[in-house]
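First up is the structure itself, then whatever we jot down about it.
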Number of protein chains: 2
Amino acid sequence: MFDMERMEWSLPLSGNDGERRDASRNRRLLLHAASTIVACSGVDSLTMDGVAREAGVGKGTVFRRFGSRAGLMQALADQTGRTFQEAFMFGPPPLGPGAPARERLRAFGAASIDRLEVDGRVVRAAGSPGGPDLAHPTQRLVRLHLIMLLREAGVQGDSELAAYQLAAFLDAGLLLHLSDDRGMPRARLVRAWNVLVDGLTD
Amino acid sequence: MFDMERMEWSLPLSGNDGERRDASRNRRLLLHAASTIVACSGVDSLTMDGVAREAGVGKGTVFRRFGSRAGLMQALADQTGRTFQEAFMFGPPPLGPGAPARERLRAFGAASIDRLEVDGRVVRAAGSPGGPDLAHPTQRLVRLHLIMLLREAGVQGDSELAAYQLAAFLDAGLLLHLSDDRGMPRARLVRAWNVLVDGLTD
DNA sequence: GAATAAAACGGACCACAGTCCGGTTAATGT
DNA sequence: ACATTAACCGGACTGTGGTCCGTTTTATTC
């Protein structure tokens, strides 16, 4: 039988098959516990022991499922970010397909900035020590999307590194610093993003 | 928890005055011990206890001087990076003053990339969890320099955010990922930097 | 439905970052 | 030289991330 719930937890577009039922159940319990704690007490006060206790499982289970604190955060972020991913891949223009590539790039930046104002702290906490986990599927998906749009916009050069450059500006840590510590308004960030896009698409 | 005043010492171009002699001696001992450990066993195997033991002081002393592990790393990185800072501020062209702004920008990127191939791992470890410490004087100095060059190159728009965008690509975590994990050669990174500079300076 | 293998569970255990406070040492004034 | 004070020192202590391994649960096979 096909279990829709089983697909919720994880990566953007991959179900995970052949998982035991207790494992699946515990994963849901853990994610729920984690999001409860975050919503209630903030990201910083989330400890792995706390999540385990809240979910009523052992600590080892948390680490088996998510590997590390960052992994758990990543899972949380993916859960929230799933709608965003579907929006820019399959949703209506200008974010989704149907609009000119450069407009889609602009929309992508604006949407990312808006998203980070909502759950940016979780996304930031999802990074390994020393920046975001650039090898994680979610990050790769974003870069792949950017590459596609850049090519479609007529970029001839190294679109892969251009995608890295674009994604670097949308990093949660950077945007939160600009927004919170430096007090820069959303509009200014969006404008800067557009300038960057224009600069890289010539 | 953390005394900002005590961080002043690590400021790129400031001597620290009014410091007690034992404190000064211990700081030197600690920095030496830290760089020894890093050179010998790598960044990851540097522990605060280890540094304290190697230097022959108590653990509390390490934290009083450097505030945190990241602070100690930052101090190490600054020690090495000081020559670099002097080079791009006062050294010969094209890195230092005397060359056209755009050439200086190109040279700055190339020099940063070369530098990171040497002690990038220390610089990366100098970041707080969730990216580099963007509020640290060293980071600010880099951005200030970039802003100056951008303005000098005729950029009319938001040069402050443009500087953030440039600096984001030179982030140690990102460059090490591209170089080590993705196997991108130096030349390609330099080329991408130049494209970015050209894009942002119109 | 029982045997078996594989996978998951749990919590004791470890290492390390960061804190705290009583004791000590260096600078200053007399 | 001595007293005073402020800063520094050290190492015991705590909280948390992460590991390990004996035990329990699930799925499969006969």
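Everything numeric here is computed off the predicted structure, so don't read it as measured data.
Here the C1' atom of nucleotide D/dC13 and the NZ atom of B/K59 are 10 Å apart, to the nearest Å. Atoms CG (A/D49) and C1' (C/dC14) sit 13 Å apart, rounded to a whole Å. The nearest whole Å value for the distance from the CZ atom in B/F63 to the P atom in D/dC8 is 17 Å. Regarding A/D44, its CG atom lies at a distance of 14 Å from the P atom of C/dG18, rounded to whole Å. Across the protein-nucleic acid pair, B/R53 atom CZ and C/dC16 atom P stand 9 Å apart, rounded to whole Å. Distance B/L72 CG to C/dC16 P: 15 Å, rounded to the nearest Å. Rounded to whole angstrom, the span from the CZ atom of A/R21 across to the C1' atom of D/dT28 amounts to 14 Å. Put simply, CE on B/M48 is 17 Å from C1' on D/dA12, counting in whole angstrom units.
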| said: Run B/L166 and B/F108 through side chain to side chain contact (heavy atoms under 4.5 Å, CB included) and show every step you take. | reply: CA-CA 10 Å; B/L166 288 173; B/F108 185 86; over 6 Å; no
| task | Just do the side chain to side chain donor-acceptor pair (under 3.5 Å) check on A/D78 and A/T138 with the steps written out, would you? | result | CA-CA 8 Å; A/D78 282 346; A/T138 299; 2.8 Å; yes
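A/L46 comes within contact range of the sugar-phosphate backbone alone, with a heavy-atom separation under 4.0 Å but no base atom that close.
Listed by chain and number, the residues in a salt bridge (charged side-chain N to carboxylate O under 4.0 Å, His left out) with B/R151 amount to none (sequence neighbours excluded).
The residues A/D114 and A/R186 are annotated as salt-bridged, a charged nitrogen and a carboxylate oxygen being separated by less than 4.0 angstrom.
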Sub-3.5 Å pairs of nitrogen or oxygen atoms, protein against nucleotides 7-9 of chain C:
from: C/dA7; atom 1: N3; to: A/R20; atom 2: NH1; distance (Å): 2.8
from: C/dA8; atom 1: O4'; to: A/R20; atom 2: NH2; distance (Å): 3.4
from: C/dC9; atom 1: OP1; to: A/D22; atom 2: O; distance (Å): 3.2
from: C/dC9; atom 1: OP1; to: A/N26; atom 2: ND2; distance (Å): 2.4
from: C/dC9; atom 1: O5'; to: A/N26; atom 2: ND2; distance (Å): 3.4
from: C/dC9; atom 1: N4; to: A/R64; atom 2: NH2; distance (Å): 3.3

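Screening residues 35-58 of chain A for ring pair (Phe, Tyr, Trp, His ring centres under 6.0 Å) gives no qualifying pairs among residues at least two apart or on separate chains.
Contact annotation: the side chain of A/D198 approaches that of A/R102 to within less than 4.5 Å [non-hydrogen atoms, C-beta and beyond].
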